[in-house]
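Structure first, then comments.
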Amino acid sequence: MMSNLSSATEFCLLGFPGSQELHHILFAVFFVFYSVTLMGNTVIIVIVCVDKRLHSPMYFFLGHLSALEIFVTTIIVPVMLWGLLLPGMQTISLAACVTQLFLYLAVGTTEFALLGAMAVDRYVAVCNPLRYNIIMNSRTCIWVVTVSWMFGFLSEIWPVYATFQFTFCKSNVLDHFFCDRGQLLKLSCDDTLFAEFVLFLMAIVIIIGSLAPTIISYTYIISTILKIPTASGRRKAFSTCASHFTFVVIGHGSCLFLFVKPKQTQAAEYNKIVSLLISVLTPFLNPFIFTLRNDKVKEALQDQMNRCCPLVKD
């Protein structure tokens with residue numbers, strides 16, 4: 001531990017409390033989650049690329065969403081797993097800490113922007129189906145994805161830069177399993193109140209800003225679906241939106257609890273639980289949400305399995 005971290009070269013991560021045996025159990029559980037996350041999301045990306053039935057805007061966005069889920073869990077989980085195997089505290093260099101925090105926030109922001117775009121895509125598909133192919137053409141889709149990625153990475157440059165301009169003189173021990181911004185601000189001996197307020201406003205703009213088009217889009221979508229005379233027609237229309245809606249509720253719900261609050265330095269245990277939801281559980285659930293509730297993806301997956309494994313029966 002250091003008394004003055006103005007020129008610190010590393011931080012110590014406390015990780016999870018408990019015995020080494022408990023850490024080994026947690027390692028096994030999180031390793032399984034991570035492996036399934038990588039395989040499931042990779043399968044979605046491959047299927048979207050190779051199956052012509054999935055060459056539409058909805059699945060184009062889904063492929064990018066799966067890539068983002070792989071990135072966000074890979075930024076956090078390998079470091080966490082390594083920490084669970086170590087007998088003592090895990091150390092991380094200042095450069096690695098800056099990189100991890102920036103990538104984590106940038107990928108998360110990109111995901112929010114993309115989820116908002118996916119909601120608008122569903123609105124056009126349900127409420128204006130005759131003009132869907134004209135509005136959501138390939139050029140528009142590429143532009144939307146490019147803007148989402150650029151916005152995600154450019155918008156997080158200043159927040160991360162501002163975070164590491166503080167003097168960390170209280171300690172170099174972070175009570176977390178990765179370089180969390182709230183725990184970093186706790187170590188600062190400077191006045192962080194203004195910076196926390198600005199970060200709070202930015203979180204509102206990013207999270208609530210991406211949630212607004214989702215709420216507006218689904219308001220119109222539900223209104224349109226209720227006007228469909230047959231139950232089968234309503235069910236078919238809603239089935240095209242159910243997976244995205246479920247993912248939005250899980251993803252936005254977790255991040256609202258973690259980021260949208262005036263005080264960034266909340267209790268460490270609460271922070272760890274919500275961070276696990278974002279970096280482990282949500283990426284793990286993504287393949288199941290978008291395959292088990294989507295007939296086209298299930299059909300494409302079954303066809304690819306039959307081609308690769310002729311012995312698999314329908």
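If you're wondering where the values come from, they're calculated on a predicted model, not measured in any experiment.
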Atom CE in Met39, atom CD1 in Ile70: separation rounded to 0.5 Å?
11.5 Å
Met80 and Val280 have their tightest heavy-atom pair at CE-CG2, 4.1 Å
CE-CG distance between Met136 and Asp121, expressed to the nearest 0.5 angstrom
4.5 Å
Would you say Ser148's side chain and Thr110's backbone share a donor-acceptor pair under 3.5 angstrom?
no
What closest approach, in Å, do Phe168 and Ser188 show between heavy atoms, and which atom pair accounts for it?
CD2-N, 4.0 Å
For residues Met150 and Val147: do they belong to one hydrophobic cluster (side chain heavy atoms under 4.5 Å, members Ile, Leu, Val, Met, Phe, Trp, Tyr)?
yes
A side-chain contact here means heavy atoms from C-beta on lying under 4.5 Å apart; do Leu65 and Asn286 qualify?
yes
In Å and rounded to the nearest 0.5 Å, what is the CG to CZ distance from Leu276 to Phe177?
4.0 Å
Passes salt bridge (charged side-chain N to carboxylate O under 4.0 Å, His left out), Asp175 versus Lys186? Steps please.
CA-CA 10 Å; Asp175 191 3; Lys186 276 187 175 183; over 6 Å; no
For the residue pair Val107 and Phe153, establish whether any side-chain heavy-atom pair is separated by less than 4.5 Å.
yes
Any heavy-atom pair between the side chains of Leu94 and Glu10 that's under 4.5 Å?
no
Looking only at heavy atoms, the pair that brings Phe164 and Leu184 closest together is CZ-CD1, 3.6 Å
Locate the shortest heavy-atom distance separating Leu105 from Val160; write the atom from each residue and the value.
CD1-CG2, 4.0 Å
Is Val50 reachable from Leu54 through a run of I, L, V, M, F, W or Y residues, each pair having side-chain heavy atoms under 4.5 Å apart?
no
For a 4.5 angstrom cut-off between non-hydrogen side-chain atoms, does Phe33 reach Val77?
no
Within the 4.5 Å heavy-atom criterion, are Thr224 and Tyr123 side-chain neighbours or not?
no
Taken to the nearest 0.5 Å, the spacing of Ser217 OG from Met118 CE works out to 12.0 Å
Is the closest side-chain donor-acceptor distance between Asp51 and Tyr59 under 3.5 Å?
no
Atom CZ in Phe288, atom OG1 in Thr37: separation rounded to 0.5 Å?
8.0 Å
Is it the case that one hydrophobic cluster holds both Met58 and Val46, taking links as side-chain heavy atoms less than 4.5 Å apart, direct or via other members?
no
Could you go through Phe197 and Leu201, starting from their C-alpha distance and side-chain angles, then the distance that decides it, and tell me whether this counts as side-chain contact (heavy atoms from CB on, under 4.5 Å)?
CA-CA 6 Å; Phe197 179 69; Leu201 292 180; 3.5 Å; yes
Could you walk me through whether Cys179 and Ile92 satisfy the side-chain contact (heavy atoms from CB on, under 4.5 Å) test, starting with their C-alpha distance in whole Å, then the side-chain angles of each, then the deciding distance to 0.1 Å, before giving a yes or no?
CA-CA 9 Å; Cys179 281; Ile92 184 170; 3.9 Å; yes
Given side chains that start at C-beta, do those of Thr74 and Leu38 come closer than 4.5 Å, heavy atoms only?
yes
Honestly curious: do Leu115 and Trp143 fall in one hydrophobic cluster under the side-chain, below-4.5 Å linking rule?
yes
Which of these, Met89, Gln90, His176, sits in a side-chain contact (heavy atoms from CB on, under 4.5 Å) with Leu14?
Met89
Do His23 side-chain atoms and Phe16 backbone N/O form a donor-acceptor pair below 3.5 Å?
yes
Tell me whether Trp82 at atom CH2 has more than 12 heavy atoms from other residues, nucleotides or ligands lying less than 6.0 Å away.
no
For Ile76, run the side-chain contact (heavy atoms from CB on, under 4.5 Å) check against Phe178, Phe71, Tyr34 and tell me which one passes.
Phe178
I'd like to know if the side chain of Glu156 pairs up with that of Thr109 as donor and acceptor (distance under 3.5 Å, no hydrogens or angles considered).
yes
Which atom of Phe27 lies closest to which atom of Leu81, heavy atoms considered:
CD1-O, 3.5 Å
With the side chain counted from C-beta on, respond yes when Val173 and Leu13 share a heavy-atom pair under 4.5 Å apart, and no when they do not.
no
List the atom of Val120, the atom of Pro213, and the distance in Å for their closest heavy-atom pair.
CG2-CB, 4.2 Å
Close side-chain approach of Tyr218 to Val248, heavy-atom, < 4.5 Å
no
Between Thr214 and Ala119, is there a donor-acceptor pair closer than 3.5 Å when you use the side chain of the first and the backbone of the second?
no
Applying side-chain contact (heavy atoms from CB on, under 4.5 Å) to Arg181 and Tyr104, what does each step give before you reach the verdict?
CA-CA 10 Å; Arg181 181 168 60 195; Tyr104 176 68; over 6 Å; no
Side-chain heavy atoms under 4.5 angstrom apart, residues restricted to Ile, Leu, Val, Met, Phe, Trp, Tyr: same cluster for Leu281 and Val32?
yes
So Phe60 and Val48, side-chain contact (heavy atoms from CB on, under 4.5 Å) or not? Walk me through it.
CA-CA 7 Å; Phe60 177 71; Val48 169; 5.6 Å; no
Spatial distance of atom CG (Leu62) from atom CD (Glu69) [nearest 0.5 Å]
10.0 Å
